[in-house]
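The model shown is predicted, which means the values in this text are computed figures rather than measured ones. A, B, ... follow the sequence lines: proteins, then strands. Residue 1 opens every chain.
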Protein chains: 2
Amino acid sequence: MKPHKAKALHAQIREDIETRIVTGQLMPGDQLPFEVELMQQYGCARMTVNKAMSGLVADGLVVRRKKAGSFVAHPKLEQNVMETMDIPEYARRLGKSYRFRRLSRTEEFLDNAAAKEMGVRPRREVVRVTGLHIIGGQPLAHEARVIFLDAVPEARDALFESEAPGKWLLDHVPWSSAENEISATLAGPEIAELLDTQPDAPCLVLLRSTWRDGVQVTFVRQTFPADRYRFKGRFTPGSDR
Amino acid sequence: MKPHKAKALHAQIREDIETRIVTGQLMPGDQLPFEVELMQQYGCARMTVNKAMSGLVADGLVVRRKKAGSFVAHPKLEQNVMETMDIPEYARRLGKSYRFRRLSRTEEFLDNAAAKEMGVRPRREVVRVTGLHIIGGQPLAHEARVIFLDAVPEARDALFESEAPGKWLLDHVPWSSAENEISATLAGPEIAELLDTQPDAPCLVLLRSTWRDGVQVTFVRQTFPADRYRFKGRFTPGSDR
DNA sequence: TAGTGGTCTAGACCACGGG
DNA sequence: CCGTGGTCTAGACCACTAT
């Protein structure tokens, strides 16, 4: 009946409590057993119980206060994991072909206006790239990107003729923190023609700034026709990791 | 010089490694020291090292393979934590007033068309609520919500005249998993008038289905004028938790 | 002040999987 | 095979905080 793969005890304890929380047997604010009680219930060491509880805390399901005990956290829907902002990955999931078509590539120094829009200091030398993400033969998104050459000097030699700058950067910049903004706009005449849609078509706009070790690496604006793409996300407390 | 608040050793180890990763000293795929080496370096027990490494794995910064060792993970920008989809919380952060103005409330049985749109079976009895989220006197979003009475029978007695249904649900539904979809649309004549904007104004649309223990609790469609609200998110691998 | 969680140790056994 | 990580123990001391 049970799955043959026996789970670790700390994972079992964690799941037991998690189940009682998500099913509503335990309500937000309810107190959980003390560690001492749990180690008696499960007949294990306190470290094992502690590992289970620590995981629940990391997942935001439980809050703990010294001397008081452990309690079911009050749910927050404020944070949601949004997936598939990586367009090639999105295409792969759909089983469709993907290609990037470069429209332009220039090297220049940021003027004041552009720098202000991105919130960086002006006069930084950059590579500007625009292009289309094409999935199954249809353009899914228009992309306008800036890559800062002082952060990624190797970009000077990259042409991005068929390889999307985003993928290139993931392979050349070791790790990054990113800020995203999702907004909406009308396609407008130029992008409408490129995306083969109407100028008054509503579009999703993703703005992303990526940083590495304190210096901005890239800034990108991706425009998706609303009828072709939507951002999907899921919030399942503690189901993963 | 050092902050007087000494951090836990496992947290210190974790930060040391994390720093080397995010600054690029360690590149994706690079091998990390074995646990035995780290316990010698830091002069601590293996459990302590293991706790640090487990945290890095949970944050997706590190992958571990038995016999092979531990390696820096390849970065993915696929998942991003989006914040502030909770409108009252958003108002609070801005230091502005918040109120919910109910526009309508009905109890009915879902017809086939509506059920299909939400992906649930028809003939379920629901409460339908529409209203406006008003921040600093200005309408920020229009909301159209369905609450399933078989999942939340208490909703029959809730009027939602000034309390937003979202907040009410958080207080009455213990925990939930949620699916979100972000899209874009034009305001249209009706919502434009309610939101005090133009019918052809681009708007962000948030669709959210919330489930509890396998049954759908609510479905909501929130419409934000694009010039008043945008979703912001951050992706800082391992910075929090 | 006393109870609780936070942390750490110095061992141990085992499953997995690379060589 | 045998090194690695995964897990667990039975203690211990300490920091915090509710009472």
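- Of the candidate nucleotides C:dT7, D:dT7, C:dG5, D:dT7 has the atom lying nearest to any side-chain atom of A:His10.
- With C:dA2, C:dT7, C:dT9 as the choices, the nucleotide that has an atom nearest any side-chain atom of A:Lys67 turns out to be C:dA2.
- Two end axes, each from the C1' atoms of five base pairs, can be drawn for the helix from C:dT1-D:dA18 to C:dG18-D:dC1; they diverge by 10°, to 10 degrees.
- Heavy atoms of A:Ser54 sit nowhere under 4.0 angstrom from any nucleic acid atom.
- Of the N and O atoms on the side chains of B:Gln222 and B:His142, not one donor lies less than 3.5 Å from an acceptor on the other residue.
- Picking from C:dG5, D:dG5, D:dC8 the nucleotide with the shortest atom distance to the side chain of B:Glu35 gives D:dG5.
- Among the nucleotides D:dA18, C:dC8, D:dC8, the one closest to any side-chain atom of A:Leu9 is D:dC8.
- A salt bridge is absent between A:Asp86 and A:Lys167: the closest approach of a Lys/Arg side-chain nitrogen to an acidic carboxylate oxygen does not fall below 4.0 angstrom.
- For A:Ser70, the listed nucleotide lying nearest its side chain is C:dG5; candidates were C:dG5, C:dT7, C:dC8.
- Aromatic ring pairs are classed by plane angle as parallel below 30°, tilted from 30° to 60° and perpendicular above 60°; the pair B:Trp168 and B:His172 is parallel.
- Residues B:Arg156 and B:Glu107 are paired through a salt bridge, judged by an N-O separation under 4.0 Å between the basic side chain and the carboxylate.
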Distances under 3.5 Å between protein N/O atoms and the N/O atoms of nucleotides 10-13 of chain C, please, pair by pair.
unit_1: C:dA12; atom_1: N6; unit_2: B:Arg46; atom_2: NH2; d: 3.1

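- Here D:dC8 is the nucleotide among D:dC8, D:dG5, C:dC8 with the atom lying nearest to any side-chain atom of A:Thr48.
- Using modelled atom types and a 3.5 Å distance limit, the side chains of B:Thr210 and B:Gln216 yield no donor-acceptor pair.
- Side chain to side chain, B:Ser162 and B:Arg99 fail the donor-acceptor criterion of an N or O pair below 3.5 Å.
- Counting only N and O atoms by type, the side chains of A:Ser70 and A:Gln31 include no donor and acceptor under 3.5 Å apart.
- For the OP1/OP2 pair of C:dT7 and a distance below 4.0 Å, the side-chain nitrogens and oxygens of A:Asn50 include no atom meeting the criterion.
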